[in-house]
Number of protein chains: 2
Amino acid sequence: MSRFHHPPPEAFELTRMLHALSDPVRLEVVRSLAANGEQTCAALDGDRPKSTMSHHFRVLRDSGLVETRGERTAHMNRLRREEVEARFPGLLDAVLRPESVGR
Amino acid sequence: MSRFHHPPPEAFELTRMLHALSDPVRLEVVRSLAANGEQTCAALDGDRPKSTMSHHFRVLRDSGLVETRGERTAHMNRLRREEVEARFPGLLDAVLRPESVGR
DNA sequence: TTGCTTGTTCGAAAATGATCGAACAAGCCG
DNA sequence: CGGCTTGTTCGATCATTTTCGAACAAGCAA
């Protein structure tokens with residue numbers, strides 16, 4: 001039973017999602033989730049302080065990109081691929097392309 | 001002879017472009033350029049102050065999304081479709097989709 | 001229970017970004 | 001030339017973001 005708010009796809013806002021993706025740290029998280037599947041917050045912090053990461057996960061959740069399941073102590077994060085694809089077709093694919101990476 | 005700086009596609013940065021697109025005013029400009037072709041700054045301000053629009057155009061130029069030709073007094077703006085498509089395939093299409101509009 | 005782990009929330013500080021008036025530059029028209 | 005038009009640049013202000021330590025909550029393990 002997650003204590004977090006996860007908007008339904010109809011409520012996704014493009015500008016909000018683009019803003020969520022426009023931060024290097026968050027984009028890295030999204031890419032890692034896409035490449036490696038569900039992961040805990042700890043597995044995704046790049047040695048950054050937990051409070052900082054907690055903030056980024058919240059932005060990702062609010063935008064609709066990520067779902068956090070608060071089961072157990074360690075929270076699991078999942079990229080909401082299908083939902084995002086349904087609402088903004090092609091967006092995630094474009095952002096996740098290997099060619100788009102690196103600078 | 002444009003006095004503006006327009007980065008070449010190799011220099012486009014994804015996070016910078018996503019940030020440029022994440023502002024409602026700028027997204028509206030990009031959509032108008034996509035739908036109606038080249039336009040002057042005046043045609044694209046939504047009754048907003050010129051200094052404000054000038055700022056947004058600069059962000060759009062720096063990201064690589066827009067090219068401003070400074071010929072004549074009135075500057076012409078063009079969406080750099082091909083360049084953006086070559087560097088970040090699918091990104092513009094996703095953002096310009098009608099379904100993605102409206103909230 | 002006590003302690004360790006994982007993560008959130010709060011609050012503050014620093015950085016970044018958006019907005020807009022005023023002054024300025026340059027082309028164009030009469 | 002003088003004035004109008006189109007936009008840029010500068011500076012200030014205000015709002016939003018980012019970052020991070022400290023305190024807190026809850027599960028889990030010994």
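By convention in this document, chain letters (A, B, ...) are assigned in the order of the sequence lines, proteins followed by strands, and residues within each chain are numbered from 1.
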Peer 1: Between Glu85(B) and Arg80(B), is the closest basic N to carboxylate O distance under 4.0 Å?
Peer 2: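 No, Arg80(B) and Glu85(B) are not salt-bridged.
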
Peer 1: Would you say the side chain of Thr52(B) lies within less than 4.5 Å of the side chain of Asp45(B), judging by non-hydrogen atoms?
Peer 2: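 Of all side-chain heavy-atom pairs linking Thr52(B) with Asp45(B), none is under 4.5 Å.
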
Peer 1: Assign the ring pair Phe88(B) / Phe12(B) to parallel, tilted or perpendicular, where the plane angle (0 to 90°) is split at 30° and 60°.
Peer 2: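 If you compare the ring of Phe88(B) with that of Phe12(B), the planes turn out tilted.
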
Peer 1: So where does chain A start and stop touching DNA chain C, 5' to 3', when the test is distance under 4.0 Å to a non-hydrogen atom?
Peer 2: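 So the outermost contacting nucleotides come out as dT5(C) to dT9(C).
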
Peer 1: Using whole Å, report how far NE2 of His55(A) lies from C1' of dT18(D).
Peer 2: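 Taking NE2 of His55(A) and C1' of dT18(D), I get 6 Å after rounding.
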
Peer 1: Rounded to the Å, how far apart are Asp62(A) CG and dT16(D) P?
Peer 2: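 Roughly 15 Å, once rounded to whole Å.
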
Peer 1: Could you go through Met53(B) and Val29(B), starting from their C-alpha distance and side-chain angles, then the distance that decides it, and tell me whether this counts as side-chain contact (heavy atoms from CB on, under 4.5 Å)?
Peer 2: CA-CA 10 Å; Met53(B) 291 311 289; Val29(B) 167; 4.0 Å; yes

Peer 1: Does dT19(D) have its OP1 or OP2 closer than 4.0 Å to a side-chain nitrogen or oxygen of His56(A)?
Peer 2: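 His56(A) to dT19(D) OP1/OP2: side-chain N or O found under 4.0 Å.
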
Peer 1: Quick check: on DNA chain D, is the nucleotide nearest Thr73(A) upstream (toward 5') of the one nearest Ser22(A), or the reverse? Name the residue that is more 5'.
Peer 2: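 Mapping each residue to its closest nucleotide by heavy atoms, the 5'-most match is Ser22(A).
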
Peer 1: Would you call Glu83(B)-Arg78(B) a salt bridge at under 4.0 Å N-O?
Peer 2: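 A salt bridge links Glu83(B) with Arg78(B).
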
Peer 1: Take atom CG of Asp47(A) and atom C1' of dG21(D), then tell me their distance rounded to the nearest Å.
Peer 2: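 One finds 17 Å between C1' of dG21(D) and CG of Asp47(A), rounded.
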
Peer 1: Give Arg61(A) one of three labels, base, sugar-phosphate or nothing, depending on what nucleic acid heavy atoms sit under 4.0 Å from its own.
Peer 2: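 The residue Arg61(A) makes sugar-phosphate contact but no base contact.
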
Peer 1: Just the rounded figure in Å: distance from C1' of dT17(D) to CG of Asp23(B).
Peer 2: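 Rounded to whole Å, this separation is 14 Å.
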
Peer 1: Is the distance between the ring centroids of Phe4(B) and His75(B) under 6.0 Å?
Peer 2: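 Judged by ring-centre distance (under 6.0 Å), Phe4(B) and His75(B) do meet the cut-off.
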
